[in-house]
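Here's the structure, in structure tokens; my notes come after.
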Amino acid sequence: MYDKLWLIPFFPLVGSIINGLFGKRFIRNEAAIGAIGTGAVFLSFLVSCSCFFTLLGDTEKVHQQVIASWMSVGQLQVDWGFLLDPLSAIMLLVVTGVGSLIHLYSIGYMHGEEGFYRFFCYLNLFIFSMLMLVLGNNALVMFVGWEGVGLCSYLLIGYYFEKKSAGDAAKKAFVMNRVGDFGFLLGLFTIFWTLGSKHNVWTINFVEISEQAHLLSGDMLLGVGVTTVATLCFFLGATGKSAQLPLYTWLPDAMEGPTPVSALIHAATMVTAGVYMIGRMNVLFAMSPTTMAVVALVGAVTAIFAASIGFAQNDIKRVLAYSTVSQLGFMFMAMGVGAFTAGIFHLMTHAFFKACLFLGSGSVIHAMHHALHHAHVDDDPQDMRNMGGLRKFMPITHATFGLSCLAIAGIPFFSGFFSKDEILWWAFASTRGMKVVWVIGAITACMTAFYMFRCLYMTFYGEQRTHKKAKDHVHESPWVITVPLVVLAGLATVGGLVGIPHAIDLFHVGNKLEHFLAPVFEHSQKLHEIEAHGSAATEISLMVLSVVIAVVGISIATWMYLKRPDLPGKFTSKFSGLHRWVYNKWFVDEAYDVLFVNSTKKLGTFCWKGFDVKVVDGIVNGTGKLVSVFSTALRYTQSGLVHNYALTMVLGMVVMVAIFILQ
């Protein structure tokens with residue numbers, strides 16, 4: 001079965017080509033276009049499932065397939081090669097499984113769009129790029145996918161290209177990711193050159209790098225360990241792709257794209273790439289305590305910072321966007337304290353409940369848009385202040401959204417409870433852990449529970465605030481939208497059972513995910529003995545504490561938005577200054593505009609007016625004037641009359657003869 005790996009990215013690529021080339025002119029039918037796009041990803045999912053179950057029963061957990069030779073430079077041989085191991089197998093299931101549901105959902109959500117074929121072309125291309133990133137057995141193949149998802153995010157975020165805000169958001173995502181990509185390349189060059197020049201190991205293959213990483217332990221670069229320099233560069237790439245401080249501001253603006261795009265970027269594909277990359281290079285990261293500390297601290301600060309912004313946002317999609325940034329912070333916290341399995345576990349569960357939340361928000365927006373349009377009302381369909389009381393009109397959307405809120409809040413025994421608790425436990429008890437990381441994580445967990453239930457209550461509970469003309473037109477979304485919601489809500493509810501902690505494993509089923517991923521992370525675990533220490537009683541105590549923290553957050557939200565709905569207004573009035581800062585996202589975008597955007601524009605203007613116009617154009621124009629002066633004088637010698645030319649020749653001969661005689 002492993003020789004069929006190439007089929008996994010092949011199907012979405014074919015779907016993208018068919019819809020892109022023939023969708024507008026020959027196919028045209030929305031159902032056919034949607035079926036091609038969805039079917040292509042679903043076929044990839046079936047092949048991924050087959051590979052996963054084959055790997056599950058195989059004693060050999062690492063398999064590589066070389067498709068073709070790519071390039072040969074000196075001693076370096078680079079192939080188009082794929083790698084299937086437990087880590088890539090889980091990512092394949094997440095990308096193709098959740099991706100299939102998002103494609104199915106898109107058929108209903110994008111109905112009637114003029115660029116329907118173009119949307120599915122881009123969506124399939126996005127899946128193809130992410131699969132290349134996940135399956136690549138070397139850093140260059142990964143980088144092809146890495147850049148591919150960057151391109152597709154640009155195309156999909158700017159899908160409504162006639163809107164200036166969408167175009168600006170697409171450019172912002174593209175530029176900020178290029179900053180991170182520069183770091184990725186620097187890290188790759190550092191590792192490649194050091195291994196090759198000092199140890200004669202010329203490779204960028206992930207398996208070979210993991211096996212030879214110990215050779216780098218004593219190497220230094222400018223007084224700093226090579227692994228530290230390289231992994232910090234790689235982490236810069238991860239902060240761009242996975243929206244961590246300071247390169248996070250593109251992700252909330254990505255909401256300008258259609259809601260299925262938001263779900264695909266935030267849940268199943270692009271933003272998980274940075275976490276996956278660290279997991280893939282876990283041996284290198286484990287060799288640098290400095291980098292691990294930086295990863296953990298940046299993740300923790302990002303988590304609490306983004307959560308604070310989620311408190312005051314009224315756009316339902318932006319609340320979820322900042323939630324994504326915050327949850328990614330949890331994943332990086334896990335990676336930084338050596339809990340690689342916990343980080344991948346939360347990546348998986350987050351894909352379930354965050355995809356459900358985004359698609360649920362899309363279901364609400366879809367219903368609100370049609371209701372407002374039918375009533376000829378110009379209110380914002382994404383503003384939660386225009387919602388409320390929708391649970392009686394949209395029972396399926398409400399139920400699935402509520403289940404996902406319970407999961408992200410960490411309520412037992414939903415998926416987020418297991419994965420988030422595992423991260424907090426490792427942050428507290430790991431030999432690489434820092435108690436400050438645990439404290440920040442615990443506070444952030446409380447904040448998450450609060451703002452997510454604030455979102456739930458403002459949308460589905462209380463008095464219906466929809467315009468009176470549109471109230472009666474709100475209705476549940478069609479089955480093509482609700483079926484993916486139900487499936488994802490089910491996964492968000494029970495998906496965490498594959499990672500039951502040992503401390504509460506009453507039936508001794510074992511932590512299936514930890515056991516499955518063990519071969520991927522065994523080198524880093526053995527290399528530096530990264531392990532959690534502490535008794536089962538301590539773990540259970542922390543687990544109970546995390547549940548209490550979540551309940552506190554939910555209780556505060558319930559009190560403020562259900563019991564006393566007047567309190568939020570009073571609070572914002574009393575603390576108007578603080579609210580203004582949080583509502584305006586701590587003015588980080590404005591600060592970036594002053595420090596970077598405007599400075600770059602001024603530099604460009606200076607280069608244009610100060611150098612190009614005055615220097616370059618001055619030289620060109622001066623040269624033109626000089627040529628003009630000489631050409632004016634020479635023009636009189638070019639009369640076109642033959643007798644004038646004959647006279648000139650005679651005079652020339654006379655002058656030459658005179659000079660000869662005088663000599």
Side-chain angles (χ1 to χ4, degrees), residues 73 76 78 83 87 132-134 136-150 176-199 201-248 270-299 302 328 331-332 335-336 338 340 343 520-521 523-524 527-528:
V73 182
L76 174 66
V78 181
L83 170 64
L87 177 59
M132 291 298 294
L133 188 156
V134 168
N137 74 338
N138 63 72
L140 276 186
V141 176
M142 171 186 272
F143 192 69
V144 170
W146 189 275
E147 291 300 293
V149 294
M176 294 197 78
N177 272 276
R178 299 294 74 71
V179 176
D181 296 349
F182 180 66
F184 183 101
L185 288 174
L186 286 180
L188 175 59
F189 294 156
T190 301
I191 292 297
F192 168 71
W193 180 252
T194 305
L195 276 176
S197 62
K198 292 190 176 182
H199 307 286
V201 179
W202 300 94
T203 184
I204 54 174
N205 182 282
F206 291 127
V207 174
E208 294 173 1
I209 289 175
S210 295
E211 292 174 348
Q212 304 298 329
H214 64 278
L215 299 174
L216 300 170
S217 58
D219 293 329
M220 306 294 288
L221 183 63
L222 300 176
V224 183
V226 165
T227 53
T228 298
V229 173
T231 50
L232 284 175
C233 289
F234 281 129
F235 181 56
L236 176 61
T239 60
K241 199 65 70 180
S242 296
Q244 297 294 283
L245 286 170
L247 302 178
Y248 75 96
M270 182 172 172
V271 296
T272 62
V275 180
Y276 172 77
M277 183 264 288
I278 292 179
R280 176 57 66 204
M281 300 183 180
N282 64 89
V283 175
L284 294 175
F285 279 83
M287 292 175 65
S288 175
T290 301
T291 300
M292 295 285 276
V294 170
V295 172
L297 287 172
V298 169
T302 302
L328 286 165
M331 297 176 208
F332 281 103
M335 295 300 187
F340 298 111
V520 180
F521 303 125
H523 290 296
S524 56
L527 189 62
H528 283 281

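Starting from 1, each residue takes its place in the sequence as its number.
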Can you list the steps and then say if Asn138 with Ile209 is a side-chain contact (heavy atoms from CB on, under 4.5 Å)?
CA-CA 9 Å; Asn138 63 72; Ile209 289 175; over 6 Å; no
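Across every non-hydrogen atom of Gly274 and Ala238, the tightest pair is CA-CB, 3.8 Å. Of all heavy-atom pairs spanning Ser242 and Val275, the tightest one is OG-N, 3.6 Å. Nearest heavy atom pair, residue Val201 against residue Leu215, reads CG2-CD1, 4.0 Å. In plain terms, the two heavy atoms of Pro289 and Met287 that are nearest each other are CD-O, 3.5 Å. Across all non-hydrogen atoms, the minimal contact from Val283 to Ala213 is CG1-CB, 3.6 Å. Of all heavy-atom pairs spanning His199 and Thr194, the tightest one is CD2-O, 3.7 Å.
One N or O on the side chain of Thr302 and one on the backbone of Leu245 form a donor-acceptor pair closer than 3.5 Å. Counting only distance, with no hydrogens or angles, the side chain of Thr231 and the backbone of Thr228 share a donor-acceptor pair below 3.5 Å.
One finds the OG1 atom of Thr291 at 10.0 Å from the CG atom of Leu284 (value rounded to the nearest 0.5 Å). Note that CG of Leu133 and CE of Met270 are 10.0 Å apart. Values are rounded to the nearest 0.5 Å. Between atom CG of residue Leu221 and atom OG1 of residue Thr190 there is a gap of 6.5 Å, rounded to the nearest 0.5 Å. In this structure, Glu211 CD and Phe206 CZ are separated by 14.0 Å, a value rounded to the nearest 0.5 Å. In this structure, CE in Met292 is found 11.5 Å from CZ in Phe235, a value given to the nearest 0.5 Å. Interatomic distance, Leu232 CG to Phe285 CZ, rounded to the nearest 0.5 Å: 8.0 Å.
Residues Thr239 and Tyr248 form no side-chain contact, since every pair of their non-hydrogen atoms from C-beta on lies 4.5 Å or further apart. Considering only heavy atoms from C-beta on, Leu87 stays 4.5 Å or farther from Phe340 through its side chain. At least one side-chain heavy atom of Met142 sits under 4.5 Å from a side-chain heavy atom of Arg280. Between Leu328 and Gln244 there is a side-chain heavy-atom pair separated by less than 4.5 Å. With a 4.5 Å cut-off on side-chain heavy atoms, Val298 and Phe332 do not count as touching.
For Ser210, there are no side-chain hydrogen bond (donor to acceptor under 3.5 Å, both in side chains) partners two or more places apart in sequence or in a different chain. For Phe143, the side chain to side chain contact (heavy atoms under 4.5 Å, CB included) partners two or more places apart in sequence, or in a different chain, are Trp146, Glu147, Asp181, Phe184, Leu185.
Of the listed residues (Thr227, Val226, Val229), just one forms a side-chain contact (heavy atoms from CB on, under 4.5 Å) with Asp219, and that residue is Val226. The side-chain contact (heavy atoms from CB on, under 4.5 Å) test with Ile204 singles out one residue from Val141, Ile191, Leu188, Leu195, and that residue is Leu188.
Using the six-membered ring where Trp is involved, Trp193 and Trp202 have ring planes that are perpendicular, over 60° apart on the 30 and 60° scheme.
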